[in-house]
Amino acid sequence: MPKDKIDKLLDDAIEGRSLFKNREILQSSHTPNEILYRDDEQKRVMQALLPLAKRARPSNLLAYGKTGTGKTLVVRDTLKKIQEHPKLRTFPIRILYANAKEESTASGLLISFGRQLGFGLELEEVLPSTGLSIGSIFNKLIDVIKKESLKAIFVIDEIDDLVKTKHTQDTDILYLMTRANTRTNPGFISIIGISNVLDFKEKLDPRVVSSLSEEEIVFRPYTVSQIQKILSSRIKEAFVDGIVEEAAINLCSAIAGQEHGDARRAIDLLRVAGELAEREGSNTVTEEHVRNASIKMEEDKDATSLNSLPLHQKILTLAVMRSNGTTTGEIYLVYKSLCKTIRQKELTQRRATQILSELEESTLITGKIISQGIHGRTKKYSTTIPPEKIKKAFKDDLALQDIL
DNA sequence: ACTCCACAGGAATAACCGGGCG
DNA sequence: CGCCCGGTTATTCCTGTGGAGT
């Protein structure tokens, strides 16, 4: 970076000059004043919840749609509107929100709900103090709802996460929740599930499906031109006027539209591009900044996911890298020898193949099944990331030192 | 048409891990 | 502390399979 640029950076920082007017606007947690292009969805969510206006229990609701289509935003916003409506003040509705992916386990989810219920509630002893089985936590929840005659809306974000791991009948909290209403009178619960995965219903217990999706709303992806408009409206608030070039906006929308209409990705991209531009002392955000931002985000993502891998998945990625494009058997051999030099106990081949397909699912490596006739049927794997990037990501892992 | 390789990947089960208790 | 629970990882055992070679 040339010296004058550095000086400029300092000057700008001192004088508080910045490309950004309000950075927060581009944070994914930010709720815009006006939600664009989701009128239909908002209307339908509102309609589904309308029984609340009559003080009755609304149907359970399932909101589908890919990431960045505004599901969470619309649901939360609609609930807030209902809750804050002056005429409904006397009809207290409890809204409990949790994200299944963040809570990561079923009991974590329930405990989170429990805490939210306990909050502002007088009966302290019924609070989250239970570290007991899922069933008993759940029973406590139901007890409180019944006793206090609560009208509770459970919002479960990324609900598809709950279906991934297998459950027995009494640990499947969706099963429990969907049939709990017989036990909550005069209170009630209804569930709003939010899912990114469109076919997640198929993995669900059929008894749960019918009651969980009494109402269903699909969120369509945004079109490229809608994303452009959304970006423009955020830019107006977030950036100093006229700083973001038209071409940059277009590229952001195009990239986000390529996968599916993911508004969040577009906004993230814009923010990173803005930071990049600011850092290099440019006074506009250009197409080039967006392109670099896209590359940077992609690389960061790979690096962090490589870094956070457990030891044996790392060794296996190295094994795949070393024996690029070969069969499971050979990869396993390489893996075993790597383990030996590192003095780590090697895992079974069964486990290794399982890890390989996990790595494949996270797109760090790719594999395809091939049949070699008399030489059997196997899978060939190769890495999707250049070797030096992998090495770079692993280089400060002490356990891996001896195998570079 | 039949065989048989080199695995894929399902099912059951064991071993281990960590938070929240008493 | 030791224990229970629910999860998560690994192991063990297994059945299934596309196609080159015969």
Novice: To the nearest 0.5 Å, tell me how far A:Ser233 OG sits from A:Leu36 CG.
Specialist: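 Spacing of OG (A:Ser233) from CG (A:Leu36) equals 5.0 Å.
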Novice: If the condition is ring pair (Phe, Tyr, Trp, His ring centres under 6.0 Å), which residues does A:Phe188 pass it with, not counting sequence neighbours?
Specialist: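 Per chain and number, A:Phe188 pairs via ring pair (Phe, Tyr, Trp, His ring centres under 6.0 Å) with no residue.
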Novice: State whether a side-chain donor-acceptor pair under 3.5 Å links A:Asn196 with A:Thr67.
Specialist: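 On atom types as modelled, these side chains do not qualify, holding no pair under 3.5 Å.
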Novice: Give me the residues of residues 348-368 of chain A where at least one heavy atom lies under 4.0 Å from an atom of DNA chain B, by number, or none.
Specialist: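 The answer is A:Gln349, A:Arg350, A:Thr353.
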Novice: Rounded off to whole Å, could you give me the CD-to-P distance for the A:Glu346 and C:dT12 pair?
Specialist: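 About 11 Å, once rounded to whole Å.
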Novice: Determine, stepwise, if the pair A:Phe113 / A:Phe154 fulfils ring pair (Phe, Tyr, Trp, His ring centres under 6.0 Å).
Specialist: CA-CA 8 Å; A:Phe113 281 142; A:Phe154 290 81; 4.7 Å; yes
Novice: What is the distance from NZ of A:Lys345 to P of B:dA15, rounded to the nearest Å?
Specialist: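 Atom-to-atom, A:Lys345 to B:dA15, this comes out as 11 Å.
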Novice: Near DNA chain C, which residues from residues 369-379 of chain A have a heavy atom under 4.0 Å away?
Specialist: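 Only A:Ser371, A:Gly373, A:Ile374, A:Gly376, A:Arg377 qualify.
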Novice: Partners of A:Tyr222 by ring pair (Phe, Tyr, Trp, His ring centres under 6.0 Å), sequence neighbours excluded?
Specialist: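 Expected list: none.
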Novice: Are A:Glu287 and A:Arg291 close enough for a salt bridge, meaning some N to O gap below 4.0 Å?
Specialist: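 Here A:Glu287 pairs with A:Arg291 in a salt bridge, since their nearest N and O are under 4.0 Å apart.
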Novice: Does the pair A:Lys301/A:Glu298 count as a salt bridge with the N-to-O cut at 4.0 Å?
Specialist: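 Between A:Glu298 and A:Lys301 there is a salt bridge, with a charged N closer than 4.0 Å to a carboxylate O.
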Novice: Is the NZ or CZ atom of A:Arg76 both under 6.0 Å from the centre of the six-membered ring of A:Tyr97 and within 45° of that ring's axis?
Specialist: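 Ring-cation test returns yes.
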Novice: Go through residues 311-324 of chain A and report each residue with a non-hydrogen atom lying under 4.0 Å from DNA chain B, sorted by number.
Specialist: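 When residues 311-324 of chain A is checked for heavy atoms under 4.0 Å from DNA chain B, there are no hits whatsoever.
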Novice: Is there side-chain contact between A:Gln226 and A:Thr223, with at least one heavy-atom pair below 4.5 Å?
Specialist: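 The answer is yes; the side chains approach within 4.5 Å.
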Novice: Got a second to check how far A:Leu150's CG is from A:Ile189's CD1, nearest 0.5 Å?
Specialist: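 Rounded to the nearest 0.5 Å, the CG-CD1 separation comes to 11.0 Å.
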Novice: Are the charged groups of A:Glu259 and A:Arg265 less than 4.0 angstrom apart, N to O?
Specialist: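 Salt bridge: no.
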Novice: In Å and rounded to the nearest 0.5 Å, what is the NZ to CD1 distance from A:Lys229 to A:Ile227?
Specialist: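 Between atom NZ of A:Lys229 and atom CD1 of A:Ile227 there are 12.0 Å.
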Novice: Heavy atoms within less than 4.0 Å of DNA chain C: which residues of residues 327-340 of chain A have one? Give them sorted by number.
Specialist: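 Going residue by residue through residues 327-340 of chain A, none turns out to have a heavy atom under 4.0 Å of DNA chain C.
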Novice: Within a strict 4.5 Å, meaning less than it, do heavy atoms of the A:Lys336 and A:Cys339 side chains meet?
Specialist: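 No - every pair of side-chain heavy atoms lies 4.5 Å or more apart.
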